[in-house]
Amino acid sequence: MKVLKLILIIIMVLSCFSMVACVGDANCDEGHDLNERCVCSRCNQVVHDMGSGCICQRCSVPNHTNENGVCTKCNKLLSINGNIFTLGLYPQTKVTDTSLIDVLNQSAGEAPSYSQKGDWVSYGYYKYGDMENDAWYIDKEYNGEKYRGVIFSDYRPYSTINSGASSATYQDDNGYLEETVYWFKYEPIRWQVVKQSNGKALAISELIIDSQCFYTTINDIRNNGNQKIYANNWEYSSLRQWLNSNFYNVAFNATQKNAIIAESLDNKTTAYDGSYNNYANCQNNTTDNVFLLSYKDVTDTSLGFNSSNLRKRSTDYAKAQGLYSSPNVDYRGSWWLRSADSDTSSMVTSVDPIGTTGSQYVYTTSFGVVPAIIVNI
Ligand SMILES: [Zn+2]
Ligand SMILES: [Zn+2]
Ligand SMILES: [Zn+2]
């Protein structure tokens with residue numbers, strides 16, 4: 001009996017295979033007869049013609065290889081929801097779960113100090129005009145999520161030349177105190193598309209994601225050959241460097257970097273009315289992976305900005321870094337543009353909490369960073 005059962009099973013299995021095979025190769029040995037939807041009229045198989053790209057050359061069906069929202073074959077960003085997409089990770093929301101904080105504190109080891117820093121990394125923030133080592137961070141992973149721990153031995157002043165007194169910082173106003181470890185969760189960065197054309201999208205982060213000075217000192221008028229470099233020159237700014245090394249490398253993995261297009265930026269066109277700006281006129285174009293919007297971007301109407309959609313909220317992490325966050329305007333912050341002020345070599349254009357444009361001294365550390373990127377779509 002057992003043998004009979006076995007034979008029966010074998011026959012059933014074989015007949016199944018032969019059924020599939022008979023549908024599969026019904027008169028299609030010499031090739032299928034495919035319609036415009038790539039369905040064979042004889043055997044009903046769907047056979048796409050992907051060529052070397054990710055779109056079928058016959059029916060236009062896409063077949064991307066998605067990794068973190070980016071196709072690893074064609075480097076396109078795969079999903080935009082309305083005008084929002086996510087790309088990259090950055091520390092954002094403060095961790096409040098005390099048991100998670102305990103676990104993270106355990107894994108970070110002893111909190112750093114002037115004499116020992118363990119695995120903690122110094123931010124190298126400025127005070128009295130010099131770089132100091134009294135603020136640190138550490139990145140830790142737990143349960144598949146990534147977190148950043150932050151501690152300051154002394155406050156970060158709102159300009160690079162001030163002391164770390166509580167009267168010269170916004171960190172305490174934002175609820176972040178000296179000698180305390182705070183943890184922030186790495187979360188997807190939400191980007192807002194402001195322009196789409198020719199398979200590319202220009203986008204800015206929805207939130208102010210950090211707080212940084214534009215340049216570390218206002219006095220530095222450097223000489224580069226015959227050219228005078230002023231403190232408000234984007235090309236030579238510390239913020240350009242920070243965005244294209246620190247931020248770029250922390251936020252994006254290799255696949256995500258491939259979706260970002262570095263384009264030549266016009267750093268001369270700063271005014272919507274085309275008025276002459278001596279400090280902008282001497283600036284070269286730069287080719288940047290990550291940049292800031294120009295004064296023209298936010299003041300002429302082509303990108304659709306106005307004083308209401310220029311009001312920016314910020315992440316907890318940006319507030320912990322000392323961002324000025326206005327209690328009168330729903331805790332919106334000020335943020336940098338990349339264009340030079342037209343009158344003062346030590347000032348750069350910016351947007352304030354109520355969404356109007358102005359200028360600020362480059363060494364201000366309480367102004368926010370709203371990165372801009374161009375992605376392949
Ligand atoms: Zn066929
Ligand atoms: Zn097809
Ligand atoms: Zn693709």
Side-chain angles (χ1 to χ4, degrees), residues 11-90 144-146 186-206 209 243-245 247-265 287-291 303 371-377:
I11 289 171
M12 275 165 71
V13 169
L14 278 177
S15 67
C16 261
F17 273 119
S18 64
M19 265 164 71
V20 172
C22 114
V23 173
D25 63 11
N27 298 321
C28 288
D29 290 343
E30 307 287 306
H32 299 288
D33 180 16
L34 300 164
N35 66 14
E36 71 282 358
R37 296 197 332 279
C38 293
V39 183
C40 174
S41 59
R42 281 191 301 269
C43 71
N44 282 330
Q45 267 195 68
V46 178
V47 183
H48 295 297
D49 177 10
M50 301 313 295
S52 56
C54 296
I55 308 279
C56 173
Q57 292 169 331
R58 205 177 303 111
C59 74
S60 301
V61 154
N63 182 26
H64 297 290
T65 307
N66 187 342
E67 190 192 295
N68 303 124
V70 173
C71 175
T72 54
K73 281 188 297 187
C74 69
N75 297 330
K76 277 188 197 301
L77 180 80
L78 295 179
S79 150
I80 301 180
N81 198 345
N83 70 335
I84 297 286
F85 65 87
T86 59
L87 189 72
L89 295 171
Y90 203 67
E145 303 280 2
K146 200 173 162 189
Y186 273 80
E187 292 165 314
I189 305 168
R190 285 168 59 85
W191 301 88
Q192 204 178 316
V193 175
V194 295
K195 188 184 165 188
Q196 284 190 47
S197 64
N198 303 326
K200 289 184 257 183
L202 166 66
I204 58 172
S205 72
E206 191 178 47
I209 52 93
L243 280 168
N244 286 281
S245 55
F247 174 73
Y248 181 66
N249 290 321
V250 167
F252 305 114
N253 66 23
T255 309
Q256 293 163 336
K257 284 175 180 172
N258 286 337
I260 295 174
I261 303 166
E263 279 203 349
S264 177
L265 304 172
T287 302
D288 302 326
N289 288 309
V290 191
F291 50 97
L303 296 181
I373 52 174
I374 295 169
V375 290
N376 194 0
I377 55 169

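One-based numbering, in listed order, for ligands and for the atoms of each.
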Between [X] and [Y], what is the shortest heavy-atom contact and its length?
| X | Y | answer |
| --- | --- | --- |
| N258 | N75 | CB-OD1, 3.3 Å |
| R42 | G31 | NH2-O, 2.8 Å |
| S264 | T287 | CA-OG1, 3.8 Å |
| L87 | V70 | CD1-CG2, 3.6 Å |

F247 vs F252 aromatic rings, parallel, tilted or perpendicular, using cut-offs 30° and 60°?
->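 Perpendicular, since the angle between the ring planes exceeds 60°.
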
Is there a side-chain contact between I374 and F291 (heavy atoms, below 4.5 Å)?
->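 Side-chain contact under 4.5 Å: yes.
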
Proximal heteroatom of H64 relative to the Zn ion (ligand 3) (N/O/S) =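 The Zn ion (ligand 3) is closest to the H64 atom ND1, counting only N, O or S.
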
Looking only at N, O or S atoms, find the one in H32 nearest to the Zn ion (ligand 1) and name it.
->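 Closest N, O or S atom of H32 to the Zn ion (ligand 1): ND1.
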
If you have a sec, read the angle at the Zn ion (ligand 1) from C40 atom SG over to C28 atom SG, to 10 degrees.
->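 Roughly 110°, rounded to 10°.
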
Would you give the angle at the Zn ion (ligand 3) between C71 atom SG and C54 atom SG, to the nearest 10°?
->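 C71 SG and C54 SG form an angle of 110° at the Zn ion (ligand 3).
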
Is the count of non-hydrogen atoms from other residues, nucleotides or ligands lying under 6.0 Å from N249 atom CG greater than 12?
->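 Yes, enclosed.
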
Tally of protein N/O/S atoms under 2.8 Å from the Zn ion (ligand 2)?
->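 Protein heteroatoms (N, O, S) closer than 2.8 Å to the Zn ion (ligand 2) number 4.
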
Will you find, in the side chains of T72 and E67, an N or O donor that is under 3.5 Å from an N or O acceptor?
->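 Side-chain D/A pair, T72 to E67: absent.
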
